[in-house]
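Take a look at the structure set out below.
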Amino acid sequence: MTTQTIPPVRDLRFGELPVDARIAGALKAMGYTSPTPIQEEAIPSLRSGRDVIGLARTGSGKTAGFGIPIIEAIRTNERRVQALIQTPTRELASQVATMLNALGRQSGVRVVAVYGGVGMQAQINALRGNAHVVVGTPGRVFDHLTRGTLDLRQTRFVVLDEADRMLDVGFAPAIDKILGHVTGPRQTALFSATFPGEVESLAARHTKDPVRIAVDAPGAALETLEERFVRVVAGNDKTDTLHDILIHDECNLALVFRRTTHKADKLALDLERRGFKVATLHGRRSQAQREKALGALRAGHLKVLVATDIAARGLDITGLTHVVNFDLPDTAENYTHRIGRTARMGANGIAITLVAPEDEAELRDIQRKLPPAPGRETPAAEPRRGAIQRAVGRQSRNDDRPGQRQPRRNDGQAPRDRTRFSEQGNGWRRDARPSGPRAGSDHGSAASTGAPYYPFRSRSAGARG
DNA sequence: AAAAAAT
């Protein structure tokens, strides 16, 4: 008779949160020891059975915030797809599936990624096996539904990751069709770092009396991120400025955004000629090329990845020190998501936006829509002589970054922001009057307007009664 | 106007 090793009964808590022992084990193996604020809020809410709209900054742990309660609710003895997570890009679907797989490993939960650009048969086989959780992009998910190779009739959890993107015009019809196949009772969760007013009505269509978790104002700044703006004077080449950024000591790994696939390719070619290890990621490349590029970036084999907004949302790349907006993002939301590829989970990061004279007006539009924060440049700021050299050459504020990899904060605790927010107009405004003494900032004018204050972490039902 | 997402 074999002696079974019974694991000691400990680690049944994730910080203050009680968690399933197998999940506690998985979390420990993943290096997480206590929940981030969004996890502290989202996990109990999802456990309670309520729908959730969760807003929290980029890199603050949203994936585990829905992943943990879903994994622990999966009945592994039932061979049914019990949870569906939808993402806007294939790479994000893959990344989320990897994370959920790690969370569910010790629980016997089977997670299957379902997205286009790769063979159908392997996915069909995986789905025919014991798939408990499906993470996918809408096109391929719908394809499986019409072929009858995916059955969502027993699905009890639906998550729209990057929810504002999934509900916008490009995706909404596909999401509607897919959710039409989820015929049983279900819990719906929407998560994002941005949530523009326009998507509120769409969100209401897909959720019932949701718990609204606003750990951070949509678009809120990150304390560990330094946002810089480099004015490139007329006639000057942005590529030269980018070159200067890349060769600077503090730049380990950079993600550079361009607005079109063609421009991304062109810049990558230029950088290659200049001797940089570079790859491109955009939607006109084959899935094999895309995966190779992202894999090389994650493995640290590249200096720089040039991408379109395909890489703007969700991707978590360890060691990414710099995000460069070579071309301006098209919206304030995209600005927030792009720069949020760095400075994740308490790590430091630098985001540099290259600004040509013709970009100025558009940049001002973007900045006007962002919650102001100490350290975040405001539209009023005037470009000054010598600003380029200073911005490129300046050392990072908290320079504790070692050569290769950024340290993950191993206490699992993203820095907590005590700033309060006031709701004004259609958006959220950062109100710089903290609970303590006033920080040396000039962004606090809203504090004296008598606007109502809402608690920093608000938990109110969507519709006020 | 562009990018993404099914083929």
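Since the model is a prediction, treat every value here as computed from it, not as a measurement. Per chain, numbering begins at 1; letters A, B, ... match sequence-line order.
Regarding contacts with the backbone of B:dA5, a side-chain N or O of A:R290 is found under 4.0 angstrom from either OP1 or OP2. Side-chain nitrogen and oxygen atoms of A:T260 include none within less than 4.0 Å of the OP1 or OP2 phosphate oxygen of B:dA1. When the side-chain nitrogen and oxygen atoms of A:T261 are compared with OP1 and OP2 of B:dA3, one or more of them lie within a distance under 4.0 Å. OP1 or OP2 of B:dA4 has not a single side-chain nitrogen or oxygen of A:R284 nearer than 4.0 Å.
Atom CG of A:L92 is separated from atom P of B:dA3 by 20 Å (rounded to the nearest Å). Across the protein-nucleic acid pair, A:D327 atom CG and B:dA1 atom P stand 17 Å apart, rounded to whole Å. In this structure, NE2 of A:H144 is placed 15 Å from P of B:dA5, rounded to the nearest angstrom. The NZ atom of A:K177 sits 12 Å away from the P atom of B:dA6 (whole-angstrom rounding). Taking atom CD1 of A:I310 as the reference point, atom P of B:dA3 lies 11 Å away to the nearest angstrom. In this structure, A:I124 atom CD1 and B:dA6 atom P are separated by 14 Å, rounded to whole Å. Between A:I175 atom CD1 and B:dA4 atom P there is a gap of 17 Å when expressed in whole angstrom units. Atom C1' of nucleotide B:dA4 and atom NE2 of A:H262 are separated by 19 Å, given to the nearest angstrom.
If you check every strand for non-hydrogen atoms under 4.0 Å, A:T146 touches nothing. A:G170 comes within 4.0 angstrom of a nucleotide base, judged by non-hydrogen atoms across all strands. Nucleic acid contact for A:R165: base, since at least one base atom lies under 4.0 Å from a heavy atom of the residue.
A:F326 has its side chain within reach of A:L242: a pair of non-hydrogen atoms, C-beta onward, lies under 4.5 Å apart.
Of the residues listed (A:I245, A:D327, A:N325), the one engaging A:L354 in a side-chain contact (heavy atoms from CB on, under 4.5 Å) is A:I245, and it is the only one.
No donor-acceptor pair under 3.5 Å is formed between the side chain of A:R90 and the backbone N or O of A:Q287.
For A:F191 and A:F66, the ring centers sit closer than 6.0 Å to each other.
For the side-chain hydrogen bond (donor to acceptor under 3.5 Å, both in side chains) condition, the pairs that include at least one residue of residues 260-273 of chain A, sequence neighbours left out, are A:D265-A:H282.
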